[in-house]
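Since the structure is predicted, the reported quantities are computational estimates derived from the model, not experimental observations. Computed over heavy atoms, backbone and side chain alike; hydrogens, waters and symmetry mates excluded.
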Amino acid sequence: MSSVYPDRDQPEPVDHFDRLPDSVLLLVFNKIGDVKALGRCCVVSRRFHSLVPQVENVVVRVDCVISDDDCSSSSSSSDKSRALVGPFSNLFRLVFGGIVKPLQALGQFLGPKRSVLNETLNSLSSSSLFVAPGVGDDGEMDHGGVTHHSPTQVLRNFNEIRFLRIELPSGELGIDDGVLLKWRADFGSTLDNCVILGAASVINNGISPEFGFGNGDDNGSIPETFYTNGGLKLRVVWTISSLIAASARHYLLQPIIADHKTLDSLVLTDADGQGVLCMNRDQLEELRVKPLSASSASKRTLVPALNMRLWYAPYLELPDGVVLKGATLVAIRPSEQSASKNEVSDSSWLSNAFEEPYGTAAKMLVKRRTYCLEMNSF
């Protein structure tokens with residue numbers, strides 16, 4: 001009769017996973033990327049705990065953005081908004097001739113319907129990012145026993161990060177349904193460049209009967225109604241608010257960049273795909289060597305004096321059938337940068353800023369008439 005008990009003389013089964021070299025495990029961890037998942041891996045074994053800090057590719061998904069200030073910004077009154085609705089010439093001089101208090105001016109341009117955008121921008125300019133590490137993903141700040149930490153704290157134990165992506169829960173700019181607004185900004189110690197793509201509405205699967213077919217027979221000029229029906233005022237809001245959002249994001253990244261000198265690439269984006277801030281290795285090193293200049297108005301990086309180029313199309317039909325109504329592209333660079341950039345390089349830089357079909361939209365817009373604008377530092 002055979003024994004029902006295991007043979008104690010047999011060797012213990014081999015765990016083939018333990019036979020994998022560290023380099024292979026690090027490849028797996030780098031594919032995982034997500035900082036919460038990597039945190040869970042740390043508690044699996046001592047070996048995992050020692051390898052996770054060597055991960056080079058890390059993704060941090062922020063759970064919440066909390067204002068550092070208890071008081072909320074006041075919204076603009078309807079009387080103030082009506083007082084600012086003046087001739088185009090006055091608006092042009094105020095915004096592009098010498099703006100020195102963009103947050104205040106932005107609040108004045110916004111009507112009651114968009115006051116929430118002003119509050120959001122002011123909140124972001126003095127805000128902190130928080131991540132709930134570990135398994136407590138269903139809790140809220142100060143509720144349910146979940147402890148939140150800043151991305152700086154969460155990343156402190158990683159020693160070899162080269163590629164870092166931080167994702168906000170949503171974009172900062174509260175826009176109306178159907179409106180398209182996307183921006184991308186590159187920073188060193190200050191703004192290197194920014195491109196903004198907007199449209200008053202997006203029409204899918206065909207052309208709206210109201211607007212006819214095609215991109216119109218215009219010669220690329222901005223129609224007079226653009227100045228009188230609030231079209232320019234709306235683009236001013238888009239431009240200033242996107243720059244403020246980008247500079248506020250840049251300001252929040254300082255401690256992370258200082259702590260992780262191995263970084264080759266840093267991207268701060270949002271789940272909505274509204275805005276993307278990018279920094280490459282040279283730009284990251286520039287910020288370490290040359291500290292940023294902070295805005296005196298709020299916790300954000302000072303935006304330098306800018307040269308801007310604007311392209312506009314009343315209707316822009318894309319190859320996939322999507323139509324952008326009131327499509328606008330704004331290319332922004334600091335005034336002190338050399339103006340010797342040729343159109344080919346400009347077109348490449350602009351079209352590569354967005355994923356399709358919006359990259360194609362940028363390529364189509366830069367073929368139209370160009371309008372040049374200037375803005376002072378703020």
Side-chain angles (χ1 to χ4, degrees), residues 30-31 33-34 57-62 162-187 191-207 215 235 238-239 241-250 253 263-281 283 308-313 315-333 341 343-368:
N30 277 300
K31 290 292 184 182
D34 180 74
N57 185 19
V58 177
V59 179
V60 179
R61 293 181 172 88
V62 173
R162 293 182 58 202
F163 307 101
L164 175 61
R165 178 184 177 91
I166 302 175
E167 187 175 289
L168 301 177
S170 62
E172 301 92 328
L173 311 181
I175 56 177
D176 295 334
D177 292 340
V179 173
L180 171 70
L181 180 58
K182 290 182 175 292
W183 60 264
R184 172 183 165 131
D186 287 67
F187 275 82
L191 179 70
D192 278 351
N193 59 68
C194 180
V195 56
I196 303 167
L197 177 67
S201 63
V202 181
I203 306 167
N204 294 297
N205 300 323
I207 311 300
N215 294 329
R235 272 67 180 182
W238 289 349
T239 300
S241 57
S242 296
L243 288 169
I244 291 174
S247 61
R249 290 188 187 187
H250 182 248
L253 293 174
L263 277 172
D264 287 336
S265 172
L266 194 158
V267 174
L268 177 51
T269 184
D270 52 75
D272 298 340
Q274 185 181 87
V276 181
L277 183 150
C278 300
M279 300 182 72
N280 60 32
R281 185 170 186 83
Q283 292 166 331
M308 298 183 288
R309 290 181 300 153
L310 181 146
W311 298 269
Y312 176 81
Y315 329 110
L316 193 68
E317 181 182 358
L318 305 182
D320 61 355
V322 172
V323 176
L324 305 182
K325 179 190 174 187
T328 309
L329 184 70
V330 183
I332 303 170
R333 284 197 177 105
K341 306 284 185 182
E343 292 299 321
V344 175
S345 63
D346 283 344
S347 178
S348 174
W349 160 57
L350 295 170
S351 61
N352 292 334
F354 306 109
E355 297 181 352
E356 293 300 332
Y358 303 115
T360 297
K363 290 179 183 177
M364 297 171 67
L365 283 166
V366 295
K367 296 177 181 178
R368 301 174 67 83

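Distance alone, capped at 3.5 Å, places no donor-acceptor pair between the Asp186 side chain and the Asn193 backbone. Asp270 places a side-chain N or O within 3.5 Å of a backbone atom of Gly275 that can act as its donor or acceptor partner. Judged purely by atom type and a 3.5 angstrom limit, Arg281 uses its side chain to pair as donor or acceptor with the backbone of Leu263. Under a 3.5 Å cut-off, the side chain of Arg368 and the backbone N or O of Tyr312 do form a donor-acceptor pair. Side chain of Ser242 to main chain of Thr239: no donor-acceptor pair is present (N/O by atom type, distance under 3.5 Å, no hydrogens or angles). Arg235 places no side-chain N or O within 3.5 Å of a backbone atom of Val330 that could act as its donor or acceptor partner.
Atom-to-atom distance recorded for Lys325:NZ and Ile203:CD1 is 7.5 Å, nearest 0.5 angstrom. Atoms CD and CZ, on Glu355 and Arg184 in that order, are 10.5 Å from each other to the nearest 0.5 Å. Atoms CG and OG1, on Leu181 and Thr328 in that order, are 10.0 Å from each other to the nearest 0.5 Å. From Ile196, atom CD1 reaches atom CG of Leu329 across 9.0 Å, with rounding to the nearest 0.5 Å. Expressed to the nearest 0.5 Å, how far CG of Asp192 lies from CZ of Phe187 amounts to 8.5 Å. A distance of 8.0 Å separates CG of Asn204 from CG of Asp320, quoted to the nearest 0.5 Å.
The two residues Leu316 and Ala361 come nearest to each other via the heavy atoms CD2-O, 3.8 Å. Contact between Thr360 and Glu356 at its shortest, heavy atoms only, is OG1-OE1, 2.6 Å. Taking all atoms of both residues into account, the shortest heavy-atom contact from Ser170 to Asp272 is CB-OD2, 3.2 Å. Taking all atoms of both residues into account, the shortest heavy-atom contact from Leu268 to Arg249 is O-NH1, 3.0 Å. Between Met364 and Glu317, the closest heavy-atom pair is CE-O, 3.2 Å. Between Ala246 and Leu277, the shortest heavy-atom distance links the atoms O-CD1, 3.3 Å.
Between Val267 and the options Glu167, Arg165, Met279, a side chain to side chain contact (heavy atoms under 4.5 Å, CB included) holds for only Arg165.
Annotation: side chain of Ile332 is not in contact with side chain of Trp183 (no heavy-atom distance under 4.5 Å). The side-chain heavy atoms of Val195 and Phe354, taken from C-beta on, include a pair separated by under 4.5 Å. Taking 4.5 Å as the limit, some side-chain heavy atom of Leu243 sits within range of a side-chain heavy atom of Cys194. By the 4.5 Å heavy-atom criterion applied to side chains, Leu197 and Leu365 are counted as neighbours. In this structure, the side chains of Leu350 and Trp311 come closer than 4.5 Å at one or more pairs of heavy atoms.
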